[in-house]
Amino acid sequence: MAGKIASPGLMEKIVSLCKRRGFVYPNSEIYGGFQGFYDYGPLGVEMKNNLKRLWWRWMTVEHKNIVGIDGTIITHPKVWDASGHIKSFTDPLAECKGCHHRFKADDLQTQKCPECGGELSEPRNFNILVPTQIGVIEGEKTKAYLRGEACQTIYLDFKNVLDTSRLKIPFGICQIGKAFRNELTPGNFLYRMIEFEQWDLEWFVKPSEMDKWYEYWKQERMNWFQGLFTHPENLGFFEHKKLAHYAKKAFDIEYQKSPFDGKELEGIHWRADWDLSRHAKYSGKDLNYVDQETGEKYLPWIVETSGGPDRMFLFLLVDAYSQEKDRVVLKLNPKISPYKVAVFPLLANKPELVKMASRVFDLLKPMFHTAWDDRGNIGKRYFSQDEIGTPWCVTIDFQTLKDQTVTVRDRDTMKQERLRFEALPQLFCDKLK
Ligand code: GAP
């Protein structure tokens with residue numbers, strides 16, 4: 001099946017919908033905004049939390065041998081020396097000698113300025129770690145960094161997790177948390193921000209089993225994404241040819257129908273023993289793993305899966321956005337939709353309908369995130385819920401008062417069925433499985 005083709009102006013429509021319906025707002029908007037920073041609004045935070053809950057559950061409940069941590073954003077400054085970020089976490093920047101626009105040299109397709117065709121300067125490297133200072137007394141402040149990649153705290157806690165759990169290799173430590181990068185060209189909405197979130201799995205293996213586990217996680221992660229996107233055929237792998245010195249392979253999982261240049265959703269990284277060996281060297285601590293059965297002692301190798309809930313959020317909206325005449329529908333997987341159900345009394349000025357609808361709302365609310373709408377006519381209410389991706393709408397009308405049945409309308413097919421309201425919890429549970 002051919003993938004969905006991104007329609008012209010799609011990004012503008014999505015950015016506008018996000019603002020209008022409370023998914024995402026520009027940060028500090030009353031001060032004119034702050035480039036590279038965004039806030040999630042009431043619907044956005046629900047949707048993003050759904051994504052993070054799904055990821056966390058899948059990692060820690062549905063896989064054996066994976067535990068989670070929640071590390072700090074600021075760590076000992078030596079961490080970034082050891083990790084190599086102070087020396088080489090850089091992006092090359094080229095400036096146009098004519099119009100003085102700046103470009104990330106890696107993104108340039110030609111030697112000329114894409115804005116005015118002018119001559120570009122030689123690219124210069126800039127470190128993209130975000131520095132900060134800890135302490136209050138001038139002269140005694142310590143320079144530290146906001147973490148440039150969230151995974152470093154997992155390596156720092158590796159020995160603690162090992163000592164306080166019964167994990168045996170192969171095992172994984174996962175985490176969801178903020179990371180910060182002074183991106184040279186923040187842009188494309190949530191795609192490249194300065195403050196963003198990452199979800200990482202660091203999977204520790206015996207070096208001789210690295211190939212097997214690398215392939216395993218590459219496929220597992222693809223399966224997970226495919227199960228959640230509206231058009232899974234739009235996802236694919238990209239193989240990096242330029243590899244880090246410790247990597248034998250590097251693949252990205254991409255959203256291949258992106259309406260702009262960037263496509264990367266997640267990286268599957270072959271980190272080998274780079275991180276643990278560097279932290280062992282810089283800290284002077286023994287980070288070896290000892291196999292209790294064979295007595296073998298070694299530094300485990302690492303397969304990393306490192307992605308971002310913000311990019312997934314953005315590409316899910318791109319993938320789910322659909323316009324049918326004047327009806328805009330977010331055909332999101334119901335597990336991801338901010339609301340699962342919306343409940344409507346047919347008429348807001350009939351107390352008996354409102355009372356019955358409140359009963360239905362109270363039945364559903366503890367189990368499913370449920371919206372209430374009693375404004376305007378039913379058609380407008382359906383359109384309003386379609387636009388935010390609510391999969392099912394339940395209407396309480398005069399028939400309900402006679403036989404306790406309600407209509408359930410499906411977002412994607414627009415079909416309606418009538419059933420007793422007590423059957424709703426089971427119906428939605430089955431649909432959400
Ligand atoms: N620990 C490995 C690591 O950080 P990365 O490829 O630099 O690898 C992993 O980042 C993921 O983090 C990316 O695939 C993307 O989803 C997300 N990410 C990276 N930079 C980002 C940014 N500036 N804004 C939003 N998400 C970003």
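Order of appearance sets the numbers: ligands from 1, and atoms from 1 within every ligand.
Ring pair F229/Y255: centre-to-centre distance below 6.0 Å. Taking the six-membered ring wherever Trp is involved, the centroid distance between the rings of H63 and W217 falls below 6.0 Å.
Polar contact with ligand 1: absent for L190 (N/O pair, distance under 3.5 Å). Considering backbone and side-chain atoms alike, E183 places an N or O below 3.5 Å from some N or O of ligand 1.
Counting only N and O atoms by type, the side chains of W199 and S306 include no donor and acceptor under 3.5 Å apart. One side chain, Y155 or R271, offers a donor N or O that lies under 3.5 Å from an acceptor on the other. A donor atom on one side chain and an acceptor atom on the other are found under 3.5 Å apart for Q175 and T153. In the model, Y40 has a side-chain atom that pairs as donor or acceptor with a side-chain atom of D310 under 3.5 Å.
In this structure, Y191 contributes its side chain and K263 its backbone to a donor-acceptor pair below 3.5 Å.
Not close to ligand 1: I194, with no non-hydrogen atom less than 4.0 angstrom away.
By the neighbour-count criterion of 12 heavy atoms within 6.0 Å, atom CG of D410 is densely surrounded, having more than that number from other residues, nucleotides or ligands.
Protein heavy atom at the shortest distance from atom 25 (C) of ligand 1 is Y191 O, 3.2 Å. What sits closest to atom 8 (O) of ligand 1 on the protein, heavy atoms only, is H269 CE1, 3.4 Å. Ranking protein heavy atoms by distance to atom 1 (N) of ligand 1, first place goes to E149 OE1, 2.7 Å. In terms of protein heavy-atom proximity, atom 12 (O) of ligand 1 is closest to Q198 NE2, 3.1 Å. Counting only heavy atoms of the protein, atom 18 (N) of ligand 1 lies nearest to F196 CE1, 3.5 Å. Looking at atom 15 (C) of ligand 1, its nearest protein heavy atom turns out to be R311 NH1, 3.5 Å. For atom 24 (N) of ligand 1, the nearest non-hydrogen atom of the protein is M193 N, 3.0 Å. Looking only at protein heavy atoms, the nearest one to atom 6 (O) of ligand 1 is E264 OE2, 3.2 Å.
Residues D200 and C151 come closest through the heavy atom pair OD2-N, 3.2 Å.
Counting heavy atoms under 4.0 Å from ligand 1, residue R192 touches it through both backbone and side chain. Contacts of L265 with ligand 1, taken as heavy-atom pairs under 4.0 Å, involve the backbone alone. With a heavy-atom cut-off of 4.0 Å, S306 touches ligand 1 through backbone and side chain alike.
Listed by number with element, the atoms of ligand 1 under 4.0 Å from a non-hydrogen atom of C151 are 1 (N). Residue G308 has at least one heavy-atom neighbour below 4.0 Å for each of these atoms of ligand 1: 16 (O).
Nearest to atom 4 (O) of ligand 1 by heavy atom, out of R271, E304, R181, is R181.
Of the charged side-chain nitrogens involved, none lies within less than 4.0 Å of a carboxylate oxygen, so that K178 and E197 do not count as a salt-bridged pair.
Cation-pi geometry between K340 and F428 is not met: the NZ or CZ atom fails to fall both under 6.0 Å from the ring centre and inside 45° of the normal.
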